[in-house]
Asks: 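The structure under discussion is supplied below as C-alpha cells; questions concerning it will follow.
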Amino acid sequence: MLRPLLLSVVLPFVAGAGLAGGTHAVEQEGAVLSAADASRVAAFDILAAHAHREGRLVTFHMTTNGTAGAERPEPVGALGAAPVLSYVWPTSLDPATVGFEGGTGILALAATSHPDFDDTPLFDEDGDGDPANDGTLWHSHWVVLTPTEACGAGALGVRDIPEGATPAMPLTWPGLPIYIDSPGYTPRFDGPEVTLTVPFADADAVAGAAYDGVTAALRVNANIHAPLLCVTDVFDIASGDLSLPGRIE
C-alpha cells in the first residue's frame with residue numbers, strides 16, 4: 001500500500017517537472033521512496049533513490065522535490081571550515097570493490113559541490129585549462145564513511161588515514177589523508193533528478209548489493225586535522241533510517 005500511495009503523491013509533481021520516458025528514480029520498480037516534506041529545502045528533499053545495473057555499469061539516481069543541484073554552498077574563503085553539499089548513495093559494497101582497503105567502513109558514491117577547494121586534481125571540470133579551480137561544479141567521489149565521535153555524538157565522517165599509514169587507495173585517489181576517490185564521473189542534472197553512472201571491474205560483485213539515498217552537508221575541520229571531513233547535517237534519508245533497502249539488480 002505504501003508504494004502506490006507515495007507514487008500517487010509524487011508522480012503528479014514529477015510529470016509537471018518535465019520528466020519523460022520513465023527513466024527517473026521515482027518511476028522505477030524497486031526504488032526507495034520517500035514522502036515529500038515541505039519543511040526541507042526542496043533541492044535536498046528526496047522523493048526516490050534508485051540504482052540499476054547493465055553489465056559492469058551501474059546508474060545511481062535520485063529524484064528530489066525541487067531542482068536537484070540548484071543549491072550550492074556559500075564559500076568561506078579557506079579550506080578550514082569549508083562547507084560541502086552532497087547527494088549520496090550509501091551501499092553495502094566492500095570498499096575494496098573500488099580500490100580502497102577492504103572492510104574499512106560504508107562505501108558511498110557522492111555528487112558534491114564545495115567552492116573553497118578542488119579535490120579532483122586529474123580533471124578540469126569547467127574546461128578553462130586549470131584543473132585546480134573546479135570545486136564549485138558538481139563532481140563525483142567514492143568515500144568510505146565511518147562512525148566518528150569527534151564529529152559529534154552518533155555522527156559519521158569520511159574515514160581518516162592516520163599519519164604514516166599506507167592503506168590501499170584507488171588509482172584516482174586525490175592524495176588527501178582520507179578515504180576518498182576522485183574518479184571523474186560527471187553527475188547529470190535534469191530538473192528534479194541527479195544521476196551518476198559508474199563502471200565496476202567485477203560486475204558480479206555489484207549484483208544484489210544494497211543501497212540507500214541521502215542528502216547531506218559536510219564540513220572540513222576548522223583546524224584541518226583529524227577528523228578532516230565530518231557529516232554535519234543530514235537533510236533527508238530515502239529509507240528514513242539508513243537501512244539500505246534498495247537492491248541493485
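Throughout, residue positions are numbered sequentially from 1 according to the sequence presented.
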Asks: Applying the 4.5 Å side-chain criterion to the ILVMFWY set and letting contacts propagate, would V231 and L79 be lumped into a single cluster?
Replies: yes

Asks: Out of curiosity, does V234 fall in the hydrophobic cluster containing L229 (side-chain heavy atoms, cut-off under 4.5 Å, transitive links)?
Replies: yes

Asks: Strictly distance-based, threshold 3.5 Å: is any side-chain N or O of S86 a donor or acceptor partner for the main-chain N or O of V88?
Replies: no

Asks: Checking T64 side chain against P192 main chain: does a donor-acceptor pair fall under 3.5 Å?
Replies: yes

Asks: Hey, does the side chain of N65 reach the backbone of A36 with a donor-acceptor pair shorter than 3.5 angstrom?
Replies: no

Asks: Would you find a donor on one side and an acceptor on the other, under 3.5 Å apart, between the side chain of D124 and the backbone of D128?
Replies: yes

Asks: Looking only at non-hydrogen atoms, find the nearest pair between G77 and D116 and report the distance.
Replies: N-OD1, 2.6 Å

Asks: Following the transitive rule for hydrophobic clusters with a side-chain heavy-atom cut-off under 4.5 Å over Ile, Leu, Val, Met, Phe, Trp and Tyr, establish whether I224 and L218 coincide in one cluster.
Replies: yes

Asks: Please test H52 against H61 for ring pair (Phe, Tyr, Trp, His ring centres under 6.0 Å), starting from the C-alpha separation and ending with a verdict.
Replies: CA-CA 9 Å; H52 62 273; H61 49 151; 5.4 Å; yes

Asks: Less than 4.5 Å apart, any side-chain heavy atom of L228 and any of V220?
Replies: yes

Asks: Of the non-hydrogen atoms in D94 and G103, which two are nearest, and what is the gap between them?
Replies: OD2-N, 3.1 Å

Asks: In the structure I gave you, are the side-chain heavy atoms of L145 and V158 within less than 4.5 Å of one another anywhere?
Replies: yes

Asks: Sort and list the pairs that fulfil ring-ring contact (aromatic ring centres under 6.0 Å, His included) and have at least one residue in residues 224-249, not counting sequence neighbours.
Replies: F44-F235

Asks: Does some side-chain heavy atom of T104 sit less than 4.5 Å from a side-chain heavy atom of T146?
Replies: no

Asks: Whether the side chain of T63 engages the backbone of L47 through a donor-acceptor N/O pair (distance < 3.5 Å, no angle test) should be reported.
Replies: no

Asks: Checking the side chain of T232 only, and the main-chain atoms of A217 only, is there a donor and an acceptor separated by less than 3.5 Å?
Replies: yes

Asks: CG/L33 to CD1/I46 distance, rounded to the nearest 0.5 angstrom?
Replies: 11.5 Å

Asks: Can you name the nearest heavy-atom pair linking I106 to P90, along with the distance?
Replies: CG2-CB, 4.1 Å

Asks: Could you check whether any side-chain N or O of E193 sits under 3.5 Å from a backbone N or O of D190, counting only pairs where one atom can act as donor and the other as acceptor?
Replies: no

Asks: Between T195 and T59, does the side-chain contact (heavy atoms from CB on, under 4.5 Å) criterion hold? Intermediate values first, please.
Replies: CA-CA 7 Å; T195 303; T59 296; 3.5 Å; yes

Asks: Search all heavy atoms of A111 against all heavy atoms of P187 and return the closest pair with its distance.
Replies: CB-CG, 3.9 Å

Asks: Any disulfide bond (SG atoms under 2.5 Å apart) pairs touching residues 177-215, not counting sequence neighbours?
Replies: none

Asks: Nearest 0.5 angstrom please: L137 CG to T112 OG1, how far?
Replies: 10.5 Å

Asks: To the nearest 0.5 Å, what is the distance between OG1 on T215 and CD on E71?
Replies: 11.5 Å

Asks: Of all the heavy-atom pairs spanning P83 and P73, show the shortest one and how long it is.
Replies: CG-CB, 3.8 Å

Asks: Pair up each side-chain donor or acceptor in residues 167-177 with any protein partner under 3.5 Å, not counting sequence neighbours, and list the distances.
Replies:
from: T172; atom 1: OG1; to: D181; atom 2: OD1; distance (Å): 2.5
from: T172; atom 1: OG1; to: D181; atom 2: OD2; distance (Å): 3.3
from: W173; atom 1: NE1; to: L176; atom 2: O; distance (Å): 2.9
from: W173; atom 1: NE1; to: I178; atom 2: O; distance (Å): 3.3

Asks: At what distance, to the nearest 0.5 angstrom, does CE of M62 lie from CG of L196?
Replies: 9.5 Å

Asks: Would you compute the distance between atom CD1 of I248 and atom CZ of F60 and round it to the nearest 0.5 angstrom?
Replies: 4.0 Å

Asks: Without hydrogens or angle criteria, can the side chains of D212 and S239 be said to hold a donor-acceptor pair below 3.5 Å?
Replies: yes

Asks: Membership question, hydrophobic clusters at under 4.5 Å side-chain separation (ILVMFWY): are L57 and Y211 in the same one?
Replies: no

Asks: How close do A96 and G102 get, counting heavy atoms only, and between which atoms?
Replies: CB-CA, 3.8 Å

Asks: By the salt bridge (charged side-chain N to carboxylate O under 4.0 Å, His left out) test, which pairs, at least two apart or in different chains, include something from residues 34-60?
Replies: D37-R40, R40-D45, R40-D236

Asks: Treating S182 as the side-chain partner and D119 as the backbone partner, does any N or O pair qualify as donor plus acceptor under 3.5 Å?
Replies: yes

Asks: Considering only residues two or more places apart or on different chains, which pairs with a residue in residues 133-162 satisfy salt bridge (charged side-chain N to carboxylate O under 4.0 Å, His left out)?
Replies: none

Asks: Kindly compute the distance separating SG (C151) from CG (N221), expressed to the nearest 0.5 Å.
Replies: 8.0 Å

Asks: Does any pair with a residue in residues 122-145 pass ring-ring contact (aromatic ring centres under 6.0 Å, His included), and if so which ones, sequence neighbours excluded?
Replies: Y87-W138, H114-H139, W138-F189, H139-H141, W142-F200

Asks: Taking T148 for the side chain and L156 for the main chain, is one N or O donor matched with an acceptor at less than 3.5 Å?
Replies: no

